[in-house]
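Scroll down for the structure; my scribbles are underneath it.
Chain naming here is simple, since letters A, B, ... match the order of the sequence lines and numbering starts at 1 in each.
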Amino acid sequence: MRYRYSSQKQYIMEYSPRDIEQKWKSIWEQKQTYRTENGGSRPKYYILDMFPYPSGAGLHVGHPLGYIASDIFARYKRLKGFNVLHPMGYDSFGLPAEQYAIQTGIHPAIATHENIDRYRSQLENLGFSFDWSREVRTSSPEYYRWTQWIFQQLFKHYFDKEAGKALPIDTLVQRLASEGNARIQAACEENTPLISASDWNAMSEREQQLFLLNYRLTFPEESYVNWCPAMGTVLSNDEVKDGLSERGGHPVERKLMAQWSMRITAYADRLIDGLEEIDWPLSLKEQQRNWIGRSQGASVKFPLENGDKQIEVFTTRVDTIYGVTFMVLAPEHEWVDELTTDAHREEINAYRTWTASRSEVERMAEVKKVTGAFTGAYCVNPFNGAKVPIYIADYVLAGYGTGAVMAVPSGDQRDWNFATHFQLPIIPILDAQQDMDKGADPTKEGRYINSGIINGMSYEEAVPALIQWLEERGLGKGKVQYRLRNAVFSRQRYWGEPVPAYWKDDVPYLVDENELPLVLPDVDKYLPTETGEPPLGRAENWKYQGKYEYELSTMPGWAGSSWYWYRYMDPHNEKGFVSKEAVDYWQDVDLYVGGSEHAVGHLLYSRFWNHFLYDLGLVPKREYAKKLINQGMIQGVIEFIYLIKPEDGDDSRTFVSADLLGNYPGKEFALIPVHVDFVKDYGRDESHLDAAGIEQFKEWRPDFKAAAFVTNDKGQLLTKSEVGKMSKRYFNVVNPDDVVARYGADCFRIYEMFLGPIEQAKPWNTNSISGVSRFLNNFWRLFFRDGKWLVNDETPTKEELKVLHTAIKKVSEDVERFSFNTCVAAFMVAGNDLNKLQCHKRAILEPLLVMMAPFAVHLTEELWEHLGHTGSIHHADWPELDEQWLVEDEITYPISVNGKLRLAVPFPASAQPAELEKAALEMEGVQRWLEGKPVRKVIVVPGRMINIVV
RNA sequence: GCCGAAGUGGCGGAAUGGUAGACGCGCACGACUCAAAAUCGUGUACCAAUGGUGUGUGGGUUCGAGUCCCACCUUCGGUACCA
């Protein structure tokens with residue numbers, strides 16, 4: 001490489017990404033080029049990336065996709081004159097560091113610190129414009145102090161339904177003391193007893209505290225949790241997939257444990273309604289709506305035939321109540337024992353034992369199978385006094401509604417299946433119902449029959465009539481039911497935020513606010529204690545004020561990520577989680593970029609916390625992120641080769657090319673993953689190991705050194721290719737550092753954008769990266785050729801200006817709609833055109849350079865310096881579009897006959913439709929197609945096309 | 001099953017209802033070279049080829065449909081006995 005030294009500046013004359021990128025990385029750091037201030041006259045713009053968990057594996061090429069997109073947009077907004085906040089940090093509490101600690105004894109803080117350093121250097125390698133002075137780490141005490149503080153606020157508040165928001169628990173205490181809770185409408189536990197003021201006042205301090213737990217927004221309770229014995233921890237519903245843990249795939253069982261819980265259900269309605277306000281992907285909003293699962297219906301009480309108890313059910317189809325022919329309880333329903341008659345006790349107990357023994361996975365697999373048992377008991381339909389037999393069956397879930405359903409076989413397929421199986425009657429209730437013998441008909445059309453007080457009515461008339469009837473008699477009411485459960489907030493783990501509470505007389509109290517953070521204590525081992533308590537139980541002398549037991553569970557992964565965007569606004573504040581000035585200035589996130597896999601986890605919990613903080617007047621917006629875009633996953637290609645499964649005692653190993661498996665009938669094959677680097681044309685049907693690849697494989701897996709390889713007639717061992725996760729175990733992880741070392745960071749950034757639309761998932765390959773690399777080299781050569789500076793100050797031609805302004809228009813529009821792949825194409829077009837025109841004019845190249853600055857961040861900065869600028873190109877102004885250069889003198893009109901394109905003819909741009917029509921009809925090329933038929937109609941769209949109809 | 005998204009060359013992908021396949025890869029040919037690589041240039045949807053056919057399939061709306069409407073098929077993502 002050649003340098004020219006002058007006034008201590010280093011000029012680089014040839015496109016050498018490594019030198020250019022090194023140079024500017026250090027200059028930007030030195031000059032704090034990306035430092036952001038709170039305030040100023042420019043409008044604010046906040047661009048947030050979902051922060052990563054710093055895993056030991058480091059970044060792979062999939063991670064930066066969203067970061068590159070957001071960085072481009074951040075830089076674009078800066079050039080457009082915005083004060084942009086674009087920070088990065090780490091979600092640094094989590095299980096992998098703890099597993100590592102269990103294995104090695106190394107404190108998770110140390111391993112986490114190392115991982116963060118690695119992430120940081122990988123991120124810096126990619127030229128991001130993060131303001132690193134604002135970095136946050138959820139595992140640092142300065143940060144989790146405020147996570148704990150927010151937790152305490154949740155404990156100190158309850159949700160008042162009349163006010164529609166969270167209010168201090170003191171307000172509730174005052175009302176309880178003066179009027180009891182009969183008129184208090186608040187989000188609370190289902191079974192909260194009704195008490196009078198005197199009841200309350202007669203309670204002891206301890207009883208009052210226990211009573212208040214029914215209302216607090218976070219509270220400990222005995223509840224069934226997803227317990228994962230292999231991991232020794234509790235998982236939330238969204239961390240469990242098909243009865244297995246999402247991480248690691250370990251079995252999960254239901255277990256009753258004392259757990260902290262978050263009353264997110266209090267915000268269910270607001271979380272649904274808030275979706276209207278935000279510009280998030282439709283599918284993501286839909287997922288949140290489904291997860292919350294709001295259903296409008298009614299609760300109805302069915303009195304028991306014997307005794308004065310009533311079974312309460314929830315139904316969304318109260319209009320079908322005259323079609324009820326039986327009742328089904330969940331096998332776990334608490335009344336089952338009591339209801340069961342002696343004649344049926346054996347059968348019921350057998351059924352319950354059987355259902356309890358079945359794993360979640362088995363249950364899911366056998367959904368179609370009808371099972372159940374009759375209790376021998378009956379209840380009474382309140383509307384017509386009909387005797388209704390009570391069954392138990394595992395298609396009714398204990399966790400939803402009341403754990404009991406009124407079964408209407410004529411309208412509900414599951415009930416129909418059950419009724420058919422147990423030969424129970426099926427009563428049609430609408431005259432529009434059909435084919436009752438083949439299945440249920442859930443229609444709401446028609447008029448009711450066999451239906452007492454609603455006979456002859458329509459659906460719309462029947463529902464209010466029935467609800468009124470129920471309410472008048474105290475037998476039911478209109479009700480809204482949610483699928484959403486309160487969120488379990490405890491983890492029996494070490495590496496998380498300690499819950500800032502202690503226990504006195506089995507009642508939880510908060511650690512004094514001034515004593516926060518409650519720092520994670522050291523322990524000798526990161527395992528549960530001998531008595532089964534969480535690891536924190538091992539901490540020596542760890543007691544509040546030396547005498548009270550601290551809460552020993554820690555917070556879940558989503559705690560720290562539920563408010564972090566505020567910390568970036570004011571990262572070093574010691575008086576609050578964010579100052580009022582900072583949050584008043586930055587307000588909310590304008591653009592949030594991250595993966596759609598967080599749709600019902602992080603993105604729902606964080607909205608919940610934000611609504612709560614809003615209620616307390618601590619933040620200005622109900623919804624914290626105006627717009628959200630999902631970046632698609634970059635997947636890996638997984639390559640396998642086929643190994644014949646050896647017989648017992650057979651030591652030979654034979655691999656067979658995928659196209660030759662048919663030659664081995666009756667043999668079974670094992671799929672052995674191969675390092676993708678050995679595979680030619682990986683990710684395709686023709687992917688294979690050639691002779692060299694087979695050698696590489698043998699060297700890599702010495703245990704197969706003696707194996708035989710049966711190749712096809714081309715000498716290839718064809719592989720099986722799959723698209724899947726990038727993961728160590730598939731040997732397909734591509735580290736961005738390697739790509740950067742070969743092509744440079746600018747090329748890597750542009751290539752990832754060029755792969756396709758940002759939200760689309762795609763497998764990683766480097767097939768066309770050479771095209772991007774070539775483009776950057778060609779672009780450089782518009783400025784330098786063979787070390788010679790070519791840029792001149794000549795006046796540009798009209799044609800050159802048209803090239804420039806076409807690019808300005810296209811890129812400006814496409815960046816705004818996050819279509820970065822077409823921006824890259826537009827740059828390539830401009831580069832190619834200018835190359836053909838041999839244009840090296842400053843007036844053209846300089847604006848183009850500015851537009852490319854968000855993409856090729858280093859290269860453009862270097863050329864900007866060569867152009868004589870002293871400031872950074874990243875503080876320049878986005879070029880203005882001047883439409884006059886886009887006006888054409890001549891327009892080529894496609895001429896169609898009957899919609900079929902026949903020819904394309906240039907006309908002056910000023911030609912009027914009538915002239916065009918006349919000229920077109922006279923053309924020989926057109927006449928040929930008219931074949932003398934009469935012209936019915938001519939459509940002329942000025943500037944677009946001409947269509948002749950005959 | 002339900003909800004959502006998407007189906008376009010050999011491949012990644014472009015196209016406010018108006019010339020389908022921009023841009024890139026790959027491929028072919030050519031230049032440079034003793035040769036190869038790299039680089040540069042030209043071409044590249046398909047076919048029985050003055051023409052015809054083409055955006056998952058079948059219909060429809062329109063002068064005109066990849067784009068809008070209806071039905072279906074396939075793929076991907078989410079969810080799953082939610083009463």
Side-chain angles (χ1 to χ4, degrees), chain A residues 241-242 281-291 293-295 297 313-318 320 328 330 363-364 366-370 393-397 399-408 411-415 417-418 481-484 596-597 599-600 630 632-633 681 683-686 723 750-751 754-757 759-763 765-775 777-778 810 813-814 819 821-829 831-832 835 892-904 928 936-941 943-950:
Chain A
K241 295 259 182 289
D242 302 331
L282 217 75
S283 64
L284 196 154
K285 289 191 189 184
E286 207 46 41
Q287 276 184 60
Q288 292 210 347
R289 280 196 198 100
N290 289 342
W291 193 260
R294 186 191 147 103
S295 19
V313 300
F314 174 75
T315 176
T316 53
R317 289 294 302 273
V318 69
T320 63
V328 189
R363 261 192 74 168
M364 305 240 189
E366 296 168 18
V367 160
K368 296 259 144 56
K369 208 166 132 188
V370 177
D394 69 352
Y395 81 88
V396 174
L397 306 178
Y400 183 75
T402 58
V405 305
M406 57 179 229
V408 184
D412 182 290
Q413 190 57 44
R414 294 157 305 179
D415 296 344
N417 293 344
F418 194 86
Q481 184 71 45
Y482 301 92
R483 197 184 86 107
L484 183 72
S596 56
E597 66 271 23
V600 291
N630 288 132
M633 249 208 305
D681 296 326
R684 298 172 177 242
D685 289 344
E686 63 268 26
V723 170
I750 293 176
Y751 181 61
F754 193 55
L755 280 173
E759 69 280 359
Q760 218 161 83
K762 51 224 149 197
N765 68 67
T766 49
N767 287 349
S768 53
I769 196 169
S770 58
V772 172
S773 180
R774 220 169 283 162
F775 159 66
N777 276 290
N778 289 341
K810 178 76 178 148
E813 285 171 2
D814 288 359
S819 175
N821 56 330
T822 52
C823 288
V824 176
F827 290 134
M828 288 174 170
V829 170
N832 291 345
N835 215 347
T892 300
Y893 279 88
I895 301 178
S896 310
V897 178
N898 281 346
K900 281 203 194 298
L901 177 71
R902 293 307 179 189
L903 65 165
R928 268 180 63 202
R936 271 230 318 259
K937 195 171 169 187
V938 180
I939 290 123
V940 179
V941 183
R944 277 293 179 191
M945 45 65 68
I946 300 167
N947 188 17
I948 299 163
V949 188
V950 295

For [N] and [M], measure between their [atom1] atoms and round to the nearest Å.
N      : M      : atom1 : answer
B/rG21 : B/rU53 : C1'   : 15 Å
B/rA48 : B/rU61 : P     : 34 Å
B/rC68 : B/rG24 : C1'   : 31 Å
B/rU75 : B/rC27 : C1'   : 28 Å
B/rU39 : B/rU16 : P     : 33 Å
B/rG7  : B/rA28 : P     : 31 Å
B/rC11 : B/rU44 : C1'   : 14 Å
B/rA20 : B/rC81 : P     : 50 Å

Starting from [atom2] on [N], measure out to [atom1] on [X] and report it in whole angstrom.
X        : N      : atom1 : atom2 : value
A/Lys285 : B/rG77 : NZ    : C1'   : 19 Å
A/Asn630 : B/rG78 : CG    : C1'   : 12 Å
A/Leu903 : B/rU50 : CG    : P     : 18 Å
A/Asp394 : B/rA80 : CG    : P     : 16 Å
A/Lys900 : B/rG51 : NZ    : C1'   : 12 Å
A/Gln288 : B/rU79 : CD    : P     : 12 Å
A/Leu484 : B/rU79 : CG    : P     : 14 Å
A/Leu755 : B/rC11 : CG    : C1'   : 12 Å

If you compare every side-chain N and O of [X] against the phosphate oxygens of [N] (OP1, OP2), does one of them come in below 4.0 Å?
X        : N      : answer
A/Gln287 : B/rG4  : no
A/Arg902 : B/rG52 : yes
A/Arg289 : B/rU79 : no
A/Asn778 : B/rC40 : yes

Is there a donor-acceptor pair under 3.5 Å between the side chain of [X] and the backbone N or O of [Y]?
X        : Y        : answer
A/Lys937 : A/Asn947 : no
A/Tyr893 : A/Ala904 : no
A/Asn630 : A/Glu759 : no

If you take all heavy atoms of [X] and [Y], which pair is closest and at what distance?
X        : Y        : value
A/Val396 : A/Ala404 : CG1-N, 4.1 Å
A/Pro894 : A/Leu901 : CB-CD1, 3.5 Å
A/Asn765 : A/Tyr751 : O-OH, 2.7 Å
A/Met406 : A/Val318 : CE-CA, 4.5 Å

Just verifying a value: how many Å separate A/Arg289 CZ and A/Leu284 CG, rounded to the nearest 0.5 Å?
10.5 Å
Can you tell me how far the CG atom of A/Leu755 sits from the OG1 atom of A/Thr766, to the nearest 0.5 Å?
10.0 Å
At 4.0 Å (heavy atoms only), tell me whether [X] reaches a base, stays on the sugar-phosphate, or touches nothing.
X        : answer
A/Ser896 : nothing
A/Arg294 : nothing
A/Pro281 : nothing
A/Gln481 : nothing

Checking B/rC82, B/rC3, B/rG78 against the side chain of A/Glu286 (C-beta onward), the nearest is B/rC3
Taking the chi torsion of B/rG52, is it syn (within 90° of 0) or anti (everything else)?
anti
Aromatic ring proximity, centroids under 6.0 angstrom, A/Phe827 and A/Phe775:
no
Does the protein touch nucleotides 15-27 of chain B at the base, only the backbone, or not at all? Give it as B, S and - per nucleotide, heavy atoms under 4.0 Å.
SB-BB--BBSS--
Provide the Watson-Crick or G-U wobble partner of [N], both distances under 3.5 Å; none if there is no partner.
N      : result
B/rC23 : B/rG12
B/rC40 : B/rG30
B/rA71 : B/rU57
B/rC46 : B/rG52
B/rC81 : none
B/rG4  : B/rC76

First encountered from the 5' end of RNA chain B, between A/Lys937 and A/Lys762
A/Lys762
